[in-house]
**Student:** 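Shown below is the structure under consideration.
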Amino acid sequence: QKNTMCQNMNVLESFSLKGKVALVTGGAGMYGHCITKALAEAKATTYLASRNLKNCEKLAKELCGEGYDVKAGRLDLADEKSIDNLYRMIISEQGKVDILVNNAVLRPMKGYDDDIANFRLSMEINGTALFYITRLFAQNMIEKRTGSIINISSYMGILGPDYNLYEGTDMGDVPPEYFFHKGGMNQLTKYMGSTLGKYNIRVNSICPGGYETQQQPKRFKENYIKKTFLNRLANEDDIKGIVVFLASDASSYITGAIIPLDGGYIAK
């Protein structure tokens, strides 16, 4: 029998998030504000949440002023009650959640020889809390038999550190916990994709490469750029398209994917 599904969906309309409810953790941070804006621009009712409620409220107010439906919430991933409260608030206000973007991250370690307590803290936030919030928000998605979970990982979850990037800089002491947890996030993506697939819930991971900031030494930027195909670091707009794609029906047959967003860094 001929499959006529492709005849029933307008491709541009499939990218729309109108009527969807999304949560972005760490929603006012480096990538968070770009992700929040992208989902809002695609017409989702978008919540952003972090420990710094004031920053979230500031961004929400700014985006609401531009005509988008954005709301702020407080989220402390070290506190299960905070996660529970945020979930209850969104369900109470919207009746559902369709999209979860796990973007929040804590990087407490400063180097290889740092206090082991900081590795343990990283495990609590970037490991235990990541699983807890994902499992909790998936409950409503299971009830609805639909949802998209997007994990913001890193190329460091795929590759080991390249110390050549830091030649000529004072950035050479690379902490281990970020590599550990982003690799774990990628594996959790596959686990949750497999576990939740029967409920039509998709789980994917985005692995950004280096993001350009004013604080980075010029030599580091030069070293990094040489290792990409596109001869540049990432900017704030680069993540927006892939997030909307994975959140929308345009990616309805993609799950368990670990997707580099790195200008070709990993491929080179």
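If you're wondering where the values come from, they're calculated on a predicted model, not measured in any experiment.
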**Student:** Under 4.0 Å between a side-chain nitrogen and a carboxylate oxygen: does that hold for Lys240 and Glu41?
**Tutor:**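 Answer for the salt bridge query: yes.
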
**Student:** With no hydrogens and no angle check, just 3.5 Å: does a side-chain donor-acceptor pair link Tyr132 and Asp84?
**Tutor:**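 Judged by distance alone, the side chains do pair up.
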
**Student:** Could you check whether Gln94 and Tyr47, counting side-chain N and O atoms only, form a donor-acceptor pair closer than 3.5 Å?
**Tutor:**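 Indeed, the side chains of Tyr47 and Gln94 share at least one donor-acceptor pair under 3.5 Å.
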
**Student:** In Å, rounded to the nearest 0.5 Å, how long is the span from CG of Leu86 to CG of Leu75?
**Tutor:**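 Here the interatomic distance stands at 5.5 Å.
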
**Student:** Thr25: which residues meet the side-chain hydrogen bond (donor to acceptor under 3.5 Å, both in side chains) condition with it, sequence neighbours left out?
**Tutor:**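 Thr25 satisfies side-chain hydrogen bond (donor to acceptor under 3.5 Å, both in side chains) with no residue once adjacent residues are dropped.
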
**Student:** Treat each ILVMFWY residue as a node, draw an edge where side-chain heavy atoms are under 4.5 Å apart, and state whether Ile83 and Ile149 are in one component.
**Tutor:**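 Yes, one cluster joins them.
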
**Student:** Aromatic rings Tyr224 and Phe220: how do their planes relate, parallel, tilted or perpendicular, breaks at 30° and 60°?
**Tutor:**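 Geometry flag for Phe220 against Tyr224: tilted rings.
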
**Student:** With Leu100 as reference, evaluate Leu23, Ile201, Val21 under the side chain to side chain contact (heavy atoms under 4.5 Å, CB included) test and give the passing residue.
**Tutor:**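 Single pass found, and it is Leu23.
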
**Student:** So do Lys190 and Ile258 actually touch side chain to side chain, heavy atoms under 4.5 Å?
**Tutor:**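 A side-chain contact exists here, since the closest heavy-atom pair is under 4.5 Å.
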
**Student:** Just one of Asn102, Asn186, Asn151 clears the side-chain hydrogen bond (donor to acceptor under 3.5 Å, both in side chains) bar with Ser205, so which one?
**Tutor:**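 Considering Asn102, Asn186, Asn151, a side-chain hydrogen bond (donor to acceptor under 3.5 Å, both in side chains) with Ser205 is found only for Asn186.
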
**Student:** In terms of side-chain geometry, is the basic nitrogen of Lys71 or Asp69 positioned less than 4.0 Å from the acidic oxygen of its partner?
**Tutor:**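 Answer for the salt bridge query: yes.
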
**Student:** Does Arg107 count as lying over the ring of Tyr178, i.e. NZ or CZ under 6.0 Å from the six-ring centre, within 45 degrees of the axis?
**Tutor:**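 Verdict for Tyr178: a cation-pi partner in Arg107.
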
**Student:** Output side-chain donor-acceptor pairs under 3.5 Å for residues 111-120, partner residues at least two apart or in another chain, one line each.
**Tutor:**
unit_1	atom_1	unit_2	atom_2	d
Asp114	OD1	Asn118	ND2	3.4
Asp114	OD2	Lys110	N	2.8
Asp114	OD2	Asn118	ND2	3.1
Asp115	OD1	Ala117	N	2.8

**Student:** Please tell me if the side chains of Ile254 and Ser252 come closer than 4.5 Å, counting only heavy atoms from C-beta onward.
**Tutor:**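 No, every pair of side-chain atoms sits at 4.5 Å or beyond.
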
**Student:** With a cut-off of 6.0 Å (strictly less than), are more than 12 heavy atoms of other residues, nucleotides or ligands near CZ of Arg51?
**Tutor:**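 12 or below, so no.
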
**Student:** Does the distance from a Lys or Arg side-chain N to an Asp or Glu carboxylate O, for Lys81 and Asp76, drop under 4.0 Å?
**Tutor:**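 So Lys81 does not pair with Asp76 through a salt bridge.
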
**Student:** Evaluate whether atom NZ of Lys18 has more than 12 neighbouring non-hydrogen atoms of other residues, nucleotides or ligands under 6.0 angstrom away.
**Tutor:**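 No, because the 6.0 Å sphere around NZ of Lys18 holds 12 heavy atoms or fewer from other groups.
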
**Student:** With a 4.0 Å cut-off, would you call Asp98 and Lys144 a salt bridge?
**Tutor:**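 Answer for the salt bridge query: yes.
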
**Student:** With side chains defined as the heavy atoms from C-beta onward, is the minimum distance between Pro208 and Tyr31 less than 4.5 Å?
**Tutor:**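 Contact flag for Pro208/Tyr31 side chains = yes.
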
**Student:** Could you tell me if the side chain of Gln139 sits less than 4.5 Å from the side chain of Tyr87, heavy atoms only?
**Tutor:**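 A side-chain contact exists here, since the closest heavy-atom pair is under 4.5 Å.
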
**Student:** Is it true that Leu261 and Leu246 fall in one hydrophobic cluster, defined by side-chain heavy atoms closer than 4.5 Å?
**Tutor:**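 The answer is yes; both residues are in one hydrophobic cluster.
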
**Student:** Salt bridge check, Asp238 against Arg232: does any charged N sit closer than 4.0 Å to a carboxylate O?
**Tutor:**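 Asp238 and Arg232: salt-bridged.
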
